[in-house]
Amino acid sequence: MKIIKILGVSVMALGMTSCVSKKQYDALSSNYKQCIENIGERQREIQDLKSQNSVLSGENNLLKSQHDALKSSLDACLSNTGKSSANIDKLVGEINASNSYIKQLISNNAKNDSLNMALSNKLKRSLDNVTDDDVQVKVLKGVVMISLSDKMLYKTGDYNILPAAQEVLGKVAKVINDYDKYSVLIEGNTDNAPLSSPNLPRDNWDLSALRGTSIAKVLQTQFGVDPARITAGGRSEYNPKATNMSVSGRAENRRTEIIIMPKLDEFMKLMDITPKK
């Protein structure tokens with residue numbers, strides 16, 4: 001904020017104390033606006049980093065707690081002369097294995113969070129010109145989640161992609177292709193308004209699943225996303241984000257989510273914090 005005030009005062013002072021051409025004034029004004037935009041972007045990145053740091057701190061505290069518990073067990077074992085040296089050696093081995101696993105987990109988490117933060121920032125920058133109500137990007141525990149509103153993607157009760165949605169899907173696909181080691185999960189979601197038809201879609205299960213696969217096909221056929229990386233499906237009305245009792249809540253529930261995450265085996269390693277025996 002101090003930087004913004006200083007820039008503003010500088011521009012005003014220059015306008016009052018010197019005669020400049022309109023071209024020079026416009027250049028200064030453009031530079032000022034660019035500085036404001038750059039500061040805003042840096043502030044967003046700072047908030048994202050703070051959030052990631054908070055998650056890592058919690059995980060680190062859990063790992064420290066496990067380490068302390070194992071160390072206490074060893075101390076108790078050493079103080080008990082009735083325990084055999086074989087048991088002590090086994091416990092020492094378990095502690096060493098645990099320490100090695102903890103170091104590996106911390107390293108993997110740091111690497112994964114760094115990659116996902118870069119991915120998230122790239123997505124946010126590429127989607128800056130899209131209305132926030134239509135596209136939301138979040139990072140949670142190593143997973144990047146993109147939520148797209150149904151009004152931007154489809155007509156009511158339909159699953160065919162609207163032409164206006166192609167630009168946004170193209171930008172998302174560009175980032176997906178840049179991070180080609182990640183899996184892509186596409187989920188269609190509806191509100192609880194009943195849908196009954198003898199033809200497809202027959203109900204909300206059909207509608208949500210067809211919407212998920214429609215996005216998958218567009219990413220594959222039009223933007224070159226490897227289909228082997230994609231899993232697509234629907235969750236009908238059973239994964240609401242808000243109440244279905246209001247118009248705004250139902251609108252929020254009608255969405256398609258694109259979830260970008262590490263390959264399943266790597267993701268499971270990150271989630272499993274217990275060393276294998």
Side-chain angles (χ1 to χ4, degrees), residues 42-124 136-147 175-176 178-187 189 226 228-231 233 235 238-241 257-277:
R42 297 292 84 75
Q43 290 175 336
R44 289 195 298 270
E45 291 179 354
I46 288 171
Q47 290 302 316
D48 288 338
L49 289 171
K50 286 182 178 179
S51 176
Q52 290 298 315
N53 184 61
S54 176
V55 172
L56 285 173
S57 295
E59 293 176 350
N60 190 46
N61 289 337
L62 175 61
L63 295 172
K64 287 181 178 178
S65 175
Q66 291 180 331
H67 178 270
D68 291 343
L70 287 170
K71 188 175 183 301
S72 296
S73 296
L74 176 59
D75 291 341
C77 184
L78 290 173
S79 65
N80 187 350
T81 56
K83 296 292 183 180
S84 67
S85 60
N87 288 336
I88 293 176
D89 290 341
K90 180 180 179 182
L91 187 56
V92 170
E94 290 178 352
I95 291 176
N96 289 336
S98 177
N99 285 339
S100 176
Y101 189 86
I102 288 171
K103 290 178 181 178
Q104 180 184 358
L105 181 61
I106 292 174
S107 176
N108 287 343
N109 277 341
K111 179 181 178 181
N112 190 64
D113 286 333
S114 176
L115 286 172
N116 279 283
M117 180 59 64
L119 192 157
S120 175
N121 288 336
K122 187 169 184 178
L123 273 169
K124 289 178 180 178
Q136 297 179 6
V137 180
K138 294 182 180 179
V139 177
L140 181 62
K141 290 189 178 295
V143 176
V144 176
M145 295 175 286
I146 309 164
S147 182
V175 178
I176 290 175
D178 287 345
Y179 291 80
D180 58 0
K181 301 301 182 183
Y182 281 57
S183 295
V184 181
L185 174 62
I186 305 171
E187 293 183 347
N189 293 270
D226 182 1
R229 300 170 55 196
I230 300 175
T231 302
R235 303 188 69 174
Y238 302 108
N239 184 35
K241 292 178 66 177
E257 294 184 339
I258 301 176
I259 303 168
I260 307 171
M261 59 186 180
K263 296 291 186 180
L264 183 59
D265 55 344
E266 297 177 8
F267 184 72
M268 293 304 294
K269 289 179 183 177
L270 292 173
M271 294 298 102
D272 179 14
I273 61 174
T274 303
K276 294 183 179 179
K277 296 182 179 180

Calculate, to the nearest 0.5 Å, the distance between atoms CD and CD belonging to Q43 and E45 respectively. 11.0 Å
Working to the nearest 0.5 angstrom, can you tell me the gap between E257 CD and S147 OG?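 Rounded to the nearest 0.5 Å, the CD-OG separation comes out at 4.5 Å.
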Got a sec, which residues hit side chain to side chain contact (heavy atoms under 4.5 Å, CB included) with N53, two or more places apart in sequence or on another chain?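 Partners of N53 by the side chain to side chain contact (heavy atoms under 4.5 Å, CB included) criterion, ordered by chain and then number, come out as S57.
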Applying salt bridge (charged side-chain N to carboxylate O under 4.0 Å, His left out) to K241 and not counting sequence neighbours gives none
Should I186 and I230 be marked as a side chain to side chain contact (heavy atoms under 4.5 Å, CB included) after you check the CA-CA gap, both sets of side-chain angles, and the distance that decides it? CA-CA 7 Å; I186 305 171; I230 300 175; 3.8 Å; yes
Heavy-atom pair of closest approach, residues R229 and I176: NH2-O, 3.0 Å
Going from CD1 on I259 to NZ on K138, what distance comes out if it is rounded to the nearest 0.5 angstrom?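 Reported value, rounded in 0.5 Å steps: 12.0 Å.
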With the side chain counted from C-beta on, respond yes when I146 and I260 share a heavy-atom pair under 4.5 Å apart, and no when they do not. yes
